[in-house]
Asks: 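This is the structure, below, for whatever I ask next.
In what follows, chains carry the letters A, B, and so on, assigned in the order in which the sequence lines appear, proteins first and then strands, with residues in each chain numbered from 1.
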2 protein chains.
Amino acid sequence: MSRDGELDERKLMILKAVIEDYIESFEPVGSRTVAKKYDMGLSSATIRNEMADLEEMGYLCQPHTSAGRVPSSKGYRVYVDKMLAPVAENPKLAGAVVSLLEGKIVEYHKLIKAAAEIISEMTQYTAIGMTKPKEQFIIKAMQIVPVDLNHVLAVVVAENNVTKSAMVKIDGEALKPDMIISLSGVLNDLFSGRPAESISIMMINEVVKLSGVSRNIVLPIIDAIIDCVKQCEHGELYTEGAANLLKFPEFDDIDKAREFIDLIQDKDALKKIAKGSDGEKTGLVVTIGGENGENGLDDYSVVSASYNIDGECIGTISVLGPTRMDYSKVISSLEYMQKMIEKKAKEEGKDNSAENKKGDSE
Amino acid sequence: MSRDGELDERKLMILKAVIEDYIESFEPVGSRTVAKKYDMGLSSATIRNEMADLEEMGYLCQPHTSAGRVPSSKGYRVYVDKMLAPVAENPKLAGAVVSLLEGKIVEYHKLIKAAAEIISEMTQYTAIGMTKPKEQFIIKAMQIVPVDLNHVLAVVVAENNVTKSAMVKIDGEALKPDMIISLSGVLNDLFSGRPAESISIMMINEVVKLSGVSRNIVLPIIDAIIDCVKQCEHGELYTEGAANLLKFPEFDDIDKAREFIDLIQDKDALKKIAKGSDGEKTGLVVTIGGENGENGLDDYSVVSASYNIDGECIGTISVLGPTRMDYSKVISSLEYMQKMIEKKAKEEGKDNSAENKKGDSE
DNA sequence: TGTTAGCACTCCTTTTGATTGAGTGCTAAC
DNA sequence: GTTAGCACTCAATCAAAAGGAGTGCTAACA
């Protein structure tokens with residue numbers, strides 16, 4: 001063992017071999033296996049000694065005396081931080097991302113969901129997409145669409161292009177199209193460009209006065225609008241590929257499987273998981289096993305990427321997998337997705353400002 | 001045994017006891033258990049003889065010689081058809097349905113989904129909600145909402161109040177509100193009240209001519225509208241409480257659990273399951289075990305209710321559970337939900353026609 | 001003739017004990 | 001510092017034994 005407990009070259013090699021073998025096989029790795037498979041010119045006895053050292057140092061564990069070694073969280077940590085092999089670009093992923101981004105980016109919610117789907121499909125782990133709730137935002141547009149004699153549709157578009165609509169049924173009075181158009185105009189003038197929190201049921205008198213439409217009709221419509229606005233504020237949570245994990249031998253034990261099923265349905269727990277990368281401006285956050293406290297995640301690792309567009313975090317995509325997940329693959333997939341989406345968003349941002357200028361000066 | 005292979009009173013009693021015990025315990029039921037628990041004044045030996053008869057007649061099976069009896073599909077069938085005890089109304093369910101229906105029914109999709117959620121919650125089985133795809137329908141309303149200099153929102157409302165919207169990004173030209181309003185008017189005039197299939201990209205020339213808006217802008221908007229229309233046609237499939245089933249001891253075997261997970265992700269299989277009640281005007285359809293052919297559903301039963309409003313089937317809600325499900329509970333829950341929703345829809349229908357008349361004559 | 005007590009028999013389930021084998025730690029020789 | 005060799009540990013596997021739930025059959029009984 002090196003004097004100061006630092007890992008020398010050889011120990012790193014052996015640690016890496018153990019981890020990669022374990023990631024592949026999910027079986028405790030013995031010294032003989034390492035000596036044979038990862039030909040490093042050492043006998044199993046030597047490797048055995050080194051492995052004993054690695055265990056003493058906390059990088060490996062032993063399920064029981066006569067078993068091979070298994071990486072500890074600390075072991076995975078140095079593996080992730082120092083030993084990750086760069087991964088060849090995955091053409092399937094690249095293809096999926098291209099077709100994801102071939103249209104325009106309009107709604108972040110849908111983008112995050114679709115991206116999470118791709119990530120889960122590519123990694124075969126579970127992907128959790130989360131969009132950030134907006135506390136303060138501007139209503140960009142609002143419209144009341146006449147549908148029939150008893151129904152109108154209230155449409156609200158928020159600052160980030162999140163769109164919500166609600167069908168409103170009006171009883172008692174028949175609706176006339178010109179009435180709705182007038183009302184729609186008034187509402188649009190009153191609310192568009194205004195911060196969402198300024199909208200309240202209190203404005204009903206003003207609306208009635210300005211539009212000349214009866215209170216009975218305006219009330220349910222404003223109700224619906226407020227409902228839409230509230231929905232715009234919500235962050236969304238998307239869980240993709242939850243069933244993927246259950247295929248892994250980790251979950252041959254039905255209790256573990258049921259535990260996971262409970263976890264995956266617990267929205268609060270998922271939000272906590274997805275928040276792992278919060279505050280982080282760029283780069284991924286890797287949380288291994290129970291590293292971050294008693295959250296019942298001892299057997300899982302999470303890799304989170306946050307998406308920053310225009311200097312603002314619009315959401316995150318996290319991969320949830322077993323601690324022995326294929327970190328290289330997960331990290332490279334998430335990094336690639338992040339890079340491509342942020343790049344595209346930047347391009348579109350530029351286009352927009354250019355066009356807007358052109359539009360303004362016309 | 002009675003002469004003609006018919007089930008006499010006593011056999012029915014014993015069959016019922018076996019089935020109900022098995023539904024509760026998921027353990028093969030022995031003659032001693034029946035004699036003791038369902039005090040019917042007979043010794044276990046007599047019951048044993050009767051059970052042997054019931055097996056010979058195909059109502060019961062024996063996993064192996066020295067085990068108790070288990071109901072066969074045929075056994076469940078007579079149980080469901082002839083022996084179901086009427087169930088006391090469930091106040092929890094009633095409460096949930098009341099709050100589900102306290103608002104107006106506007107969108108069937110959302111209603112079916114919410115109702116399926118309640119059913120799955122109440123029964124603790126898996127509920128599958130399906131709305132019927134519309135092959136032919138009328139566009140009730142259409143509108144283009146100006147959002148900002150580069151975006152408009154296309155909104156389409158279908159006959160059944162299904163609403164779809166798509167954000168459209170316009171490059172190259174700045175949008176002016178009056179342009180959009182004019183375009184929206186033209187589109188609304190052209191498409192509203194028209195059958196969906198009449199809308200095609202071919203109409204672009206007409207739109208350009210009538211609205212005076214440039215082709216570059218009209219094209220992506222019509223594209224978006226066609227997209228929305230296509231989405232309106234789709235039937236939706238909602239799976240609620242899929243994880244519920246995994247709690248049952250049926251799935252202690254991880255292979256069975258994984259099989260179920262595959263099943264529940266297979267949209268085509270689910271559609272087939274949910275179609276069980278197709279064509280049926282009213283009443284529920286109960287499919288027990290593999291009754292209906294080789295669909296890999298041997299261990300499951302399905303109870304389906306279809307929802308008919310205005311003489312048209314708008315969708316179905318099915319409960320998927322183990323063959324030994326609590327049929328009484330499932331059937332009564334589904335019947336109650338069906339009754340309440342159809343009743344409410346009828347009421348609203350009446351209201352509407354009354355109001356529409358009033359509106360027309362004004 | 002239908003019912004029931006009694007008993008031998010079946011066969012799954014659980015327990016127990018022996019065996020196997022992978023892997024270790026230690027020691028001694030190189 | 002490395003390695004061959006060996007005793008030791010302990011989970012996993014397997015077979016045999018014990019236990020037990022439930023049956024079918026027979027004979028006696030009302």
Asks: How does protein contact run along nucleotides 5-12 of chain D, one letter per nucleotide 5' to 3', with B for base contact, S for sugar-phosphate only, - for none, heavy atoms under 4.0 Å?
Replies: B---BBS-
Asks: Output yes when B:Glu250 and B:Lys256 qualify as a salt bridge under the 4.0 Å nitrogen-oxygen rule, no when they do not.
Replies: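 Here B:Glu250 does not pair with B:Lys256 in a salt bridge, since their nearest N and O are not under 4.0 Å apart.
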Asks: Apply the test side chain to side chain contact (heavy atoms under 4.5 Å, CB included) to residues A:Leu246 and A:Ile261: give CA-CA distance (whole Å), side-chain angles for both, the deciding distance (0.1 Å), then the verdict.
Replies: CA-CA 9 Å; A:Leu246 294 172; A:Ile261 289 163; 4.3 Å; yes
Asks: Could you tell me which nucleotide pairs with D:dA12 by Watson-Crick or G-U wobble geometry, both distances under 3.5 Å, or answer none if nothing does?
Replies: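 D:dA12 is paired with C:dT19.
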Asks: Rounding to a whole Å, what distance do you find between B:Glu56:CD and D:dG24:P?
Replies: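 It works out to 10 Å between those atoms.
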Asks: Using a strict 4.0 Å threshold on nitrogen-to-oxygen distance, state whether A:Arg48 and A:Asp53 make a salt bridge.
Replies: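 Result for this pair is no, no salt bridge flagged.
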Asks: Run through B:Leu93, B:Ile317, B:Asn90 and flag the one making a side chain to side chain contact (heavy atoms under 4.5 Å, CB included) with B:Ser333.
Replies: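 Filter result, single survivor: B:Leu93.
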Asks: How about A:Asp21 and A:Tyr38: does a side-chain donor come under 3.5 Å of a side-chain acceptor?
Replies: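 A pair is found: one side chain offers a donor N or O, the other an acceptor, under 3.5 Å apart.
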Asks: Hunt down the Watson-Crick or G-U wobble partner of D:dG1, both distances under 3.5 Å, from any strand shown, or write none.
Replies: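 WC or wobble partner is C:dC30.
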Asks: A:Glu50 CD to C:dC26 P: how many Å, rounded?
Replies: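 Distance, rounded to whole Å: 15 Å.
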Asks: For the residue pair B:Leu60 and B:Val70, establish whether any side-chain heavy-atom pair is separated by less than 4.5 Å.
Replies: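 In short, these two side chains do not touch, never coming nearer than 4.5 Å.
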Asks: Given atom CG of A:Leu54 and atom P of C:dG23, what is their separation to the nearest angstrom?
Replies: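 These atoms are roughly 17 Å apart.
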Asks: Could you state the atom-to-atom distance from CE of A:Met51 to C1' of D:dT3 in whole Å?
Replies: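 Distance check: A:Met51 CE to D:dT3 C1' gives 16 Å.
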Asks: Round to the nearest Å and state the distance from A:Glu55 atom CD to C:dC26 atom P.
Replies: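 These atoms are roughly 12 Å apart.
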Asks: Could you check how far CZ of B:Arg10 sits from P of C:dT1, rounded to whole Å?
Replies: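 Taking atom P of C:dT1 as the reference, CZ of B:Arg10 is at 16 Å.
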Asks: With side chain to side chain contact (heavy atoms under 4.5 Å, CB included) as the test, would you mind laying out the steps for A:Val330 and A:Ile119 before giving the verdict?
Replies: CA-CA 8 Å; A:Val330 169; A:Ile119 290 290; over 6 Å; no
Asks: Quick check: A:Tyr76 with A:Tyr327 (ring centres under 6.0 Å apart)?
Replies: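 So the answer is yes for these two rings.
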Asks: Separation of A:Asp53 atom CG from D:dG1 atom P, in whole Å?
Replies: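 Whole-Å distance recorded here is 12 Å.
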Asks: Would you call A:Arg77 and A:Asp81 a salt bridge, using N to O less than 4.0 angstrom?
Replies: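 Looking at A:Arg77 and A:Asp81, the cut-off is met.
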Asks: How many whole angstroms separate atom CG of B:Asn49 from atom P of C:dG2?
Replies: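 Value for this atom pair: 11 Å.
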Asks: Tell me which residues in residues 27-43 of chain A lie within less than 4.0 Å of DNA chain C, going by non-hydrogen atoms.
Replies: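 Within this stretch, A:Gly30, A:Ser31 sit under 4.0 Å of the strand.
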